[in-house]
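Scroll down for the structure; my scribbles are underneath it.
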Amino acid sequence: MNSSSPSYVRIFDTSLRDGEQAPGASMTSAEKLEVARALARLGVDVIEAGFPAASPDDLAAVQAIAAEVGQVPVEGRPQAEPPVICGLARCTRSDIEAAWNGVKGAKRPRIHTFLATSDIHLQHKLRMSRAEMTARAVEMVAYAKTFCADIEFSPEDAGRSDPEFLYTVLEAVIKAGATTLNIPDTVGYTMPDEFGALIAGIIGKTPGAKDVVISVHCHDDLGMAVANSLAGLRAGARQAEVTINGIGERAGNASLEEVVMAIRTRGEKLGLTTGIDATQLCRTSKLVSRSTSYPVPPNKSIVGANAFAHESGIHQDGMIKNAQTYEIMRPEDVGATQTMLVLGKHSGRAAFSKRLTELGYPLDGDALLKAFNGFKKLADRKKAVHDADLIALASDERTTVPELWALDNLQVVCGTTGLPTATVRLRDPDGKTHVHAAIGTGPVDATYKAIDAIVKVPVTLLEFGINGVTEGIDALAEATVRVRHEEQRSSHGHGADTDIVVASAKAYIASLNHVLSRQSSGRAQHPQKTGTPTAVAQ
Ligand code: KIV
Ligand code: ZN
């Protein structure tokens with residue numbers, strides 16, 4: 001579908017910016033680049049790659065995405081151009097300069113600047129009058145325009161702003177050069193009929209609105225983000241700002257996969273289309289989940305493990321007779337088919353490597369060898385090896401966090417009698433081994449205590465989770481850990497193994513490596529997205 005068609009909805013993905021602002025969802029630059037590649041394969045029109053003023057790391061990640069993903073269209077996709085690469089900026093000169101620095105290497109760069117319009121934000125956060133706010137927005141849009149032709153402006157908290165004031169501000173920023181007007185329901189407060197009416201009002205009553213793209217950006221605090229986005233699109237907006245798996249501030253943003261599949265499945269009713277290759281949805285969802293260590297709930301629409309599972313006898317009977325009885329989408333439409341690997345324990349490395357590449361997880365050198373050894377071990381223990389197992393094995397090797405400390409050996413004693421005890425041997429960054437034994441409330445606790453005694457980086461364990469990658473008692477276990485060290489943003493790690501204590505140890509060590517690599521790169525806390533009055537007034 002041609003993007004100039006009146007029914008075409010531009011998909012603006014903000015997983016790397018709003019999504020990354022979710023507590024604990026921070027990604028390394030390499031992880032962000034990998035996600036950006038996947039977003040381009042998915043066919044998104046715009047990638048909001050980050051908030052370059054936030055830190056030197058954020059700037060570097062946006063630059064790397066602009067230079068690679070923003071340069072060449074993805075092979076085999078209908079889009080003739082690479083995606084637009086966008087950087088966020090508060091309405092300050094320094095933020096706008098940083099955003100431009102981030103995106104200028106892209107073929108199609110965009111600066112996205114924002115300033116709040118609701119009275120509650122103006123009075124309590126910005127301490128500005130409506131006239132001052134309008135003047136600053138106009139000045140900063142005009143300043144951004146000196147760098148870049150493609151400018152997006154967002155009146156933050158538009159959902160709680162006076163519509164008449166919004167029309168005035170939006171008219172003024174269009175005159176100053178804004179080409180996309182994004183209307184955020186920042187706090188997820190509106191209902192679909194209200195949000196639809198807000199968009200219709202903006203399009204009908206703002207002079208110049210018909211010559212720019214109107215965009216929707218809805219948060220999910222009341223669970224309305226997708227419904228509100230669709231209401232806005234039905235009212236005439238033609239860009240939807242969304243995130244993979246709906247990650248984002250607080251309750252998150254509208255989920256990309258839900259908005260896209262609603263448009264696709266109910267296309268006739270909605271009269272809308274997108275350029276998304278839906279068969280990439282599950283794969284992209286898994287990548288984002290892994291990169292952020294945000295698990296996807298099994299009942300999550302479209303990409304959850306149970307989204308296409310039928311448990312009750314009545315449903316199964318219907319499905320056997322005709323899948324349409326209980327399925328409005330086919331699993332293959334969203335790339336949710338579970339392929340069983342035909343490789344067995346006698347298969348060679350070439351076939352293994354080929355399958356990983358087909359799955360989008362290419363490996364080579366040492367990483368391939370280690371993953372292959374893991375596969376052999378797994379094939380020995382497990383009746384059937386699924387693609388999900390391979391992805392878990394490959395992900396462990398594709399970690400972009402340097403492996404400073406590594407697990408060399410682990411032995412635990414536990415059960416109903418005696419004290420759970422773990423003996424851990426770790427390899428330090430210089431290859432030297434260290435051994436420690438500890439007791440704990442259980443085998444994982446004992447293991448973590450022994451690791452702490454060796455690595456000596458004090459952290460608070462915020463979250464610990466363990467899941468079977470596939471079904472069955474012989475399944476590969478995947479552990480996810482989130483920790484916090486002092487004032488740093490939280491760090492995460494994951495590890496996979498058929499032994500759940502080993503998987504837990506690997507995940508914990510990976511999270512400590514994340515903490516240590518951040519210490520050495522000096523990445524500070526994430527600054528507040530919505531700048532303080534002094535930041536805005538500078
Ligand atoms: O939710 C919001 O208001 C935002 C803006 C920066 C667009 O994320
Ligand atoms: Zn937002």
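As the structure lists them, so they are numbered: ligands from 1, and atoms in each ligand from 1. The analysis underlying the following values was restricted to heavy atoms, covering all of them including side chains, and did not include hydrogens, waters or symmetry mates.
Across Ala200 and Ala235, no two heavy atoms sit closer than the pair N-CB, 3.9 Å.
Under 4.0 Å from ligand 1, the heavy atoms of Asn182 that appear belong solely to its side chain. Contact annotation for His219 and ligand 1: only side-chain heavy atoms (C-beta onward) come within less than 4.0 Å of the ligand.
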Worked check of salt bridge (Lys or Arg N to Asp or Glu O under 4.0 Å) between Arg10 and Glu241
CA-CA 9 Å; Arg10 293 152 191 83; Glu241 298 203 354; over 6 Å; no
Please lay out, stage by stage, how Glu97 and Arg93 fare under the test salt bridge (Lys or Arg N to Asp or Glu O under 4.0 Å).
CA-CA 6 Å; Glu97 285 154 17; Arg93 282 177 186 261; 5.7 Å; no
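Contact check on Glu463 versus Arg484 returns no salt bridge, with no Lys/Arg side-chain nitrogen under 4.0 Å from an Asp/Glu carboxylate oxygen.
At least one heavy atom of Arg17 sits under 4.0 Å from some atom of ligand 1.
Any N or O atom pair closer than 3.5 Å counts here, and Glu156 shares no such pair with ligand 1.
Arg130 contributes no side-chain N or O that, together with a main-chain N or O of Leu122, makes up a donor-acceptor pair within less than 3.5 Å.
Relative to atom 7 (C) of ligand 1, the option among Gly188, Ser154, Pro155 with the closest non-hydrogen atom is Ser154.
Counting the atoms of ligand 1 from 1 in the order shown, those under 4.0 Å from a heavy atom of Pro184 are 2 (C), 3 (O).
Seen from the Zn ion (ligand 2), atom NE2 on His219 and atom OD2 on Asp18 lie at an angle near 110° (rounded to 10 degrees).
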